[in-house]
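Letters A, B, ... mirror the listed sequences (proteins, then strands); counts begin at 1. Just so it is clear, the values below take in all heavy atoms, side chains as well, and ignore hydrogens, waters and symmetry mates. Everything quoted here is computed from the prediction, not taken from an experiment.
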Amino acid sequence: MILTGNYAVSYGVKVARAEVVAAYPITPQTQIIEKLAELIAKGDLRAKYIRVESEHSAMAACIAAEACGARAFTATSSHGLAYMSELVFWAGMGRFPVTMAVVNRTLAPPWSIWNEHTDLLAQRDAGWVIMMCSSAQEAYDTAIQAFRIAEDERLLQPVMYGLDAFSLSHTAENVDLLDQSVVDGFLPKLDPAKLPVYMDPDNPITFGNLLGPDAMMEFRHLTKEAFDRAPAVIEQVAQEFSKISGRPQTGLFDDYRCSDAEVALVAIGASSGDAMDAADNLRDRGVRAGVIRLKAIRPFPGREVRERIGGVKAIAVVDRDYSYGFGGIIGGELSSCLKGGVHRYVAGLGGRDITIGDFEGMMDDALSKAERGEDAKEVWWGLKELA
Amino acid sequence: MITLKNLSAEEYMLPGNAACPGCASVASLRIALKVLGPRTIVTIPACCSSVIQGYYPKSPARVPFLNTAFAATAASASGILAALEIKGREGINVLGWAGDGGTADIGIQALSGAAERNENFIYICYDNEAYMNTGTQGSSATPRGAVTTTTVTGKKEKKKNVPEIMIAHEIPYVATACAAYPLDFAEKIRKALSMKGLKYIHLLSPCPPGWRFPAEKTVEIGKLAVSTGAWILYEWSEGKYTLTGLSKGMTKKSSRKPLKEYLTAQGRFSRLSEEETKALQEDVDTQWDRFNKKLVESGTAPTG
Ligand SMILES: Cc1ncc(C[n+]2csc(CCOP(=O)(O)OP(=O)(O)O)c2C)c(N)n1
Ligand code: SF4
Ligand SMILES: [Mg+2]
């Protein structure tokens, strides 16, 4: 079926049998929730659609639905995600296995509907598994896997996954869809008995009243331990999904030609395909280039990535995001896992294209600096004079 | 009709909770749960009622309590309902229980959304007329003249009329109540239970530390609020206003006690000058004049 990334998410959520969808529209996420509203209205998906009045309410409703045993989904973007943030933490700290698609968009001002990853990354301490999709097919596959990951008894944490605005959300490609029966075999019904919080008058509990300093750390440590188990859960789910779909799946990250690389570029999201093309071009020129495409950002696969590229001559990290007063977020996170610096390229903010040529240029730049023994530093790639 | 005889003897909100002595809101939650019964899920935002539940792992609640974020009560209730429906879990009542700040201020957007969708739950705002949890800051439900820590010379603006805002949503049922009249309150919950859609009850809930009166005077103060006409007990349904309880006999000014009796019993009004007291009395009289017109329009004005 030819689907945009957005519609791929909708169909993934449908075949995953989400039971409650509470969502609020924002460009460029709207197609996701419009399609779901339509599928529910037509009876193709047996679910309740709550037409909430804000993203804050969307997540509050999703949390409450999970607390009452229903599989819940929402989707948002940029301002919607920022507006929702209080409840994003509520879901993460409360261990409610909600899943959410985030279409990555720049935060204003000035207003912009174009692609940037800062919105998603700004939520990285909220106790959510965070993934980035790189194709419409992967958006479909991730929408399904996200529920399995979130609901896994070893984890029980919410999962959000990003789709680059327009280049993924609105770009149509052929997406292989799975039969309902196949997905039903992969994703069992949500079992309330396994939920950490279940609102049941026959077994009444109070969720979320006060907790003093004497036990809060222990609670938080349980979540930390869940995230220690998360990489294994994500890898296992990806492997099982590979089997049912016949499509080999990446769990935490893709390693593209890094085994013998002298320069490795690390990227996330839809443009990582272009980065791989750039690596091919470099190899045609005799430069051994490779790409690591991070799929998981939380848990951050730093150790696993270090094992693959820890020894290469130069590592270039591309950030379509920024933490002001610190630097590119992925570059910063990765350097904390590696010995020696990484060459950090801030690029594509506000939706500016990052071309194959740009990726080639970054790898060339990183490698030549490394060969000259120059210190790694941050470069704002393609920065122009303001008019 | 709920009477002392048929009000459930079961307790779903147990003693030993962390409320202040004389707290009307916890007493009213106890009454509400007696009417709603054991098959009820309650969602509560940040407010005194989240604190009075005390420290995990203990809880005074014998029905499920889902605490949520300050602004999120009505959205949380909507999520509960959606799940119950899709899961086919029938016969469970849903209660949103929030303070005046969580209702009139930060939570009004979610409440308005749920009201427009006419979600099938009961929302009770217990109105202690300030942000008590955080130490008595002024809210939009703080009445004119009342001193709070952020209206230090007495609030200049009038109290926001949330019941009227809810009536404008044309939901099936809107009522006011006062914690000093638990049976009137209980009866309104019973009625609300018989209707489908969003039912809103706005409960005046005297608060000894916040209003500055001795803890043993909670009921007395609540009764004065009604007998002076400062607080009107009524119901609204299908376009009609109906007075209930003591308020039924208070349409005439002569039947109402002077407002001063209510004001002077509370420290929060102690800064009021004679003039300001007079102005507040006029507010009450105007409020009744307007309300009487509504009763006439409803065809529910008391005769004679
Ligand atoms: C988003 C957010 N802002 C502020 C607070 C702090 N806060 C917690 S309870 C509260 C006051 C609650 O007032 P009200 O709803 O009237 O209930 P009361 O405490 O008076 O019973 C405030 C301001 C919060 N928890 N969350
Ligand atoms: S401050 Fe007022 S409302 Fe809060 S617990 Fe004490 S008496 Fe009750
Ligand atoms: Mg209050």
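Interface residue B:I41: only side-chain heavy atoms are found under 4.5 Å from chain A. With a 4.5 Å cut-off on non-hydrogen atoms, A:Y198 touches chain B through its side chain but not through its backbone. At a 4.5 Å heavy-atom cutoff, the contact between B:T40 and chain A is made by backbone atoms alone. Heavy atoms of B:V63 lying under 4.5 Å from chain A belong exclusively to its backbone. B:R39 touches chain A through backbone and side chain together, each having a heavy atom under 4.5 Å away. Both the backbone and the side chain of A:L211 come within less than 4.5 Å of a heavy atom in chain B.
To the nearest 0.5 Å, atom OG of residue B:S59 and atom CZ of residue A:F207 are 13.0 Å apart. To the nearest 0.5 Å, the span separating OG1 on B:T68 from CD on A:E86 amounts to 8.0 Å. In this structure, A:E53 CD and B:E116 CD are separated by 10.0 Å, a value rounded to the nearest 0.5 Å.
At distances below 3.5 Å, at least one donor-acceptor pair connects side-chain atoms of B:R89 with backbone N or O atoms of A:C68. Not a single donor-acceptor pair under 3.5 Å links the side chain of A:N209 to the backbone N or O of B:F65. Side-chain atoms of A:R46 come within 3.5 Å of backbone N or O of B:I86 as a donor-acceptor pair.
Nearest approach of A:H56 to B:A69, heavy atoms of both residues: CE1-CB, 4.4 Å.
Residues from residues 9-37 of chain A that place a non-hydrogen atom less than 4.5 Å from a non-hydrogen atom of chain B comprise A:E19, A:V20, given in numerical order.
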